[in-house]
There are 2 protein chains.
Amino acid sequence: MRPEDIPVVRNLPLFADMDDRRFDELVKAALLQTFPPQVDLIREGDPADFLYVLVEGAVELYAGHNGRETTMAVIEPTSAFILAAVLNDAVFLMSARTFLPSRVMMIPNEHIRRCFAEDKAFAAAVVAELSQAYRQLVKQHKEIKLRLAAERLANYLLRQSQARGDPTHFKLPAGKGTIAALLGMTPENLSRAFGALSAYGVRVRGGSIHIDDAALLADFAKPTPLIDGVEEIYERRGVKSIGP
Amino acid sequence: MRPEDIPVVRNLPLFADMDDRRFDELVKAALLQTFPPQVDLIREGDPADFLYVLVEGAVELYAGHNGRETTMAVIEPTSAFILAAVLNDAVFLMSARTFLPSRVMMIPNEHIRRCFAEDKAFAAAVVAELSQAYRQLVKQHKEIKLRLAAERLANYLLRQSQARGDPTHFKLPAGKGTIAALLGMTPENLSRAFGALSAYGVRVRGGSIHIDDAALLADFAKPTPLIDGVEEIYERRGVKSIGP
DNA sequence: CTACATATTTGATATAAATCAAGATGCCTC
DNA sequence: GAGGCATCTTGATTTATATCAAATATGTAG
């Protein structure tokens, strides 16, 4: 484990309030591995032996069934993923692959579960993280059931433009194929949806998005905090998490 | 609060292992109310002041946006709902309405949060409940993204036939309109999907479903534990929860 | 039991999205 | 800067699903 990574992980909401000694134990038990792009980290159906923390790079959570495949989430540093599977001591429901060169910390399942049982602050952080992940997923599920493809894209673009610095200009965090799957459509359909949004001031140049007039786009997108809102229990120091 | 209801609630996984004194406090602080059918219990966007426990009857969780509405879950006794909103001290993301005459226990937010902070067994149960709810929702989300309407119905019927006693015959837990919304389709489309499944031995008579040959239906439905599996951390004494 | 209100089914049609098949574009390597 | 490969786009078509409009069934109050 590179020493400069430790404070970054330490500052994650999940670990920030935990006992010092216990955190050191976690770190000692953890593996830190570096992976090239397009490597499968976990496969749905496998037992959840480790909690994963993405320290650097980017990871896609995806799931397949019966010849089809879809993206469930795009993870950016620094954040933990597949926490629920570990706590439940169950199999993964999603697969994960890097799509950039990535550094990943892997903490053995039993350590997480022991910390949870013994460290009150950690337990509280786990609940906060879980309930937030749950609510995030409720929003995703509402979105896919209540919005058409072009509306999903429009709102996604608005959310991204808020989450990243400049509200008028940003880069997509993944290739368009992945974004399409995340938003529950085919790449072809995403292209056409972008075409439809040009009427509302959306300019696309490769992975670069420019939004001429957020109010005009919002007029079409009809965002609502009950689907598009970002919630933070903690102050999130240095944490970014990219949902759809 | 009717005395005969107390042991039922006490046996919920969420409360089963908690300290006796604390449970009594919870019950004392709680309200138990009876509602007729079609009454709104909570409305999305309102602050989550109470944790709800359905003691008797049936409740639908639903969400609306921009003129559309969809069913998120159908709750049967005895189970708690909207736990994540309470723990997060946030607004509800879903509305809830009774669709049978129902008895509902309402526990004030602060009591739940205090118990969580002070009672280790309760904290563990909360995490178990939350991580299970999260995984349940992951499965729902995978299903809607990876399966066509008729496949969703076929798998839903197989899950129901397993969850209820007799694998060849059962009653739908809600009207077909609600089931249709739960499965992400219109009532018309549900009708046609039932029509399509008659080729695989599904007989419908009102709300009664008869499955001639589960193997034949499964052949079409292609169920997988990674979407259709039921997970139980605890032995669930007397608990039933109906997901889609 | 009858009649009303509501829920469901059925048919015709419209819309949304997926698929198939070329092209075009961008990106990386050399 | 030129090839070569992958990604993305565009157009034509098919398929899935929604919508609209009756017709039929179902449950319920009287």
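In what follows, chains are A, B, ... by sequence order, proteins preceding strands, each numbered from 1. All values derive from a computational prediction rather than experimental measurement.
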Worksheet item: Between Met185(A) and Gln38(B), who's closer to the 5' end of DNA chain C by nearest nucleotide?
Response: Gln38(B)
Response to the item:
The side chain to side chain contact (heavy atoms under 4.5 Å, CB included) partners of Thr34(B) (sequence neighbours excluded) come to Arg103(B)
Worksheet item: Under a criterion of less than 4.0 angstrom to any heavy atom of chain B, what are the 5'-terminal and 3'-terminal contacting nucleotides of DNA chain C?
Response: dT8(C) to dA12(C)
Worksheet item: Short question: side chain of Thr70(A), backbone of Ala181(A) - any donor-acceptor pair under 3.5 Å?
Response: yes
Worksheet item: Quick one: are Leu157(A) and Ile209(A) in side-chain contact, heavy atoms under 4.5 Å?
Response: yes
Item to complete: Return each pair, listed once, that meets salt bridge (Lys or Arg N to Asp or Glu O under 4.0 Å) where at least one residue sits in residues 168-177 of chain A; pairs must be two or more places apart or across chains.
Response: none
Practice prompt. Assign Gly195(A) to base, sugar-phosphate, or nothing according to its heavy-atom contacts below 4.0 angstrom with the strands shown.
Written response: nothing
Worksheet item: Using a cut-off of 4.0 Å between protein heavy atoms and nucleotide atoms, how would you tag nucleotides 19-30 of chain D 5' to 3' with B, S and -?
Response: BB----------
Fill in: side chain to side chain contact (heavy atoms under 4.5 Å, CB included), paired with Phe81(B), selected from Leu41(B), Val53(B), Val86(B)
Leu41(B)
Practice prompt. Could you check how far CD1 of Ile179(A) sits from C1' of dC8(D), rounded to whole Å?
Written response: 14 Å
Fill in: Geometric cation-pi criterion, Arg97(B) with Tyr62(B): 6.0 Å, 45°
yes
Fill in: Relative orientation of the end axes in the helix from dC1(C)-dG30(D) to dA22(C)-dT9(D), expressed as an angle to the nearest 10° (five pairs per end)
40°
Practice prompt. Taking Ser95(B) for its side chain and Glu44(B) for its backbone only, find out whether a donor-acceptor pair lies under 3.5 Å.
Written response: yes
Discussion item. Is there a salt bridge (charged side-chain N to carboxylate O under 4.0 Å, His left out) between Asp228(A) and Lys222(A)? Walk through the geometry before answering.
Written reply: CA-CA 10 Å; Asp228(A) 307 290; Lys222(A) 305 231 167 33; over 6 Å; no
Fill in: Separation of dA18(D) C1' from Glu69(B) CD (nearest whole Å)
17 Å
Worksheet item: What residues form a side chain to side chain contact (heavy atoms under 4.5 Å, CB included) with Ala133(A), not counting sequence neighbours?
Response: Tyr134(B)
Worksheet item: Hey, does Leu190(A) reach any base, or is it just sugar-phosphate, or nothing, if we go heavy atoms under 4.0 Å?
Response: nothing
Worksheet entry | Exercise: do His169(A) and His210(A) side chains pair donor with acceptor under 3.5 Å | no
Worksheet item: Roughly how many Å is it from NZ in Lys145(B) to P in dT17(D), rounded to a whole number?
Response: 16 Å
Worksheet item: Of Leu130(B), Leu51(B), Thr78(B), which meets side chain to side chain contact (heavy atoms under 4.5 Å, CB included) against Leu14(B)?
Response: Leu51(B)
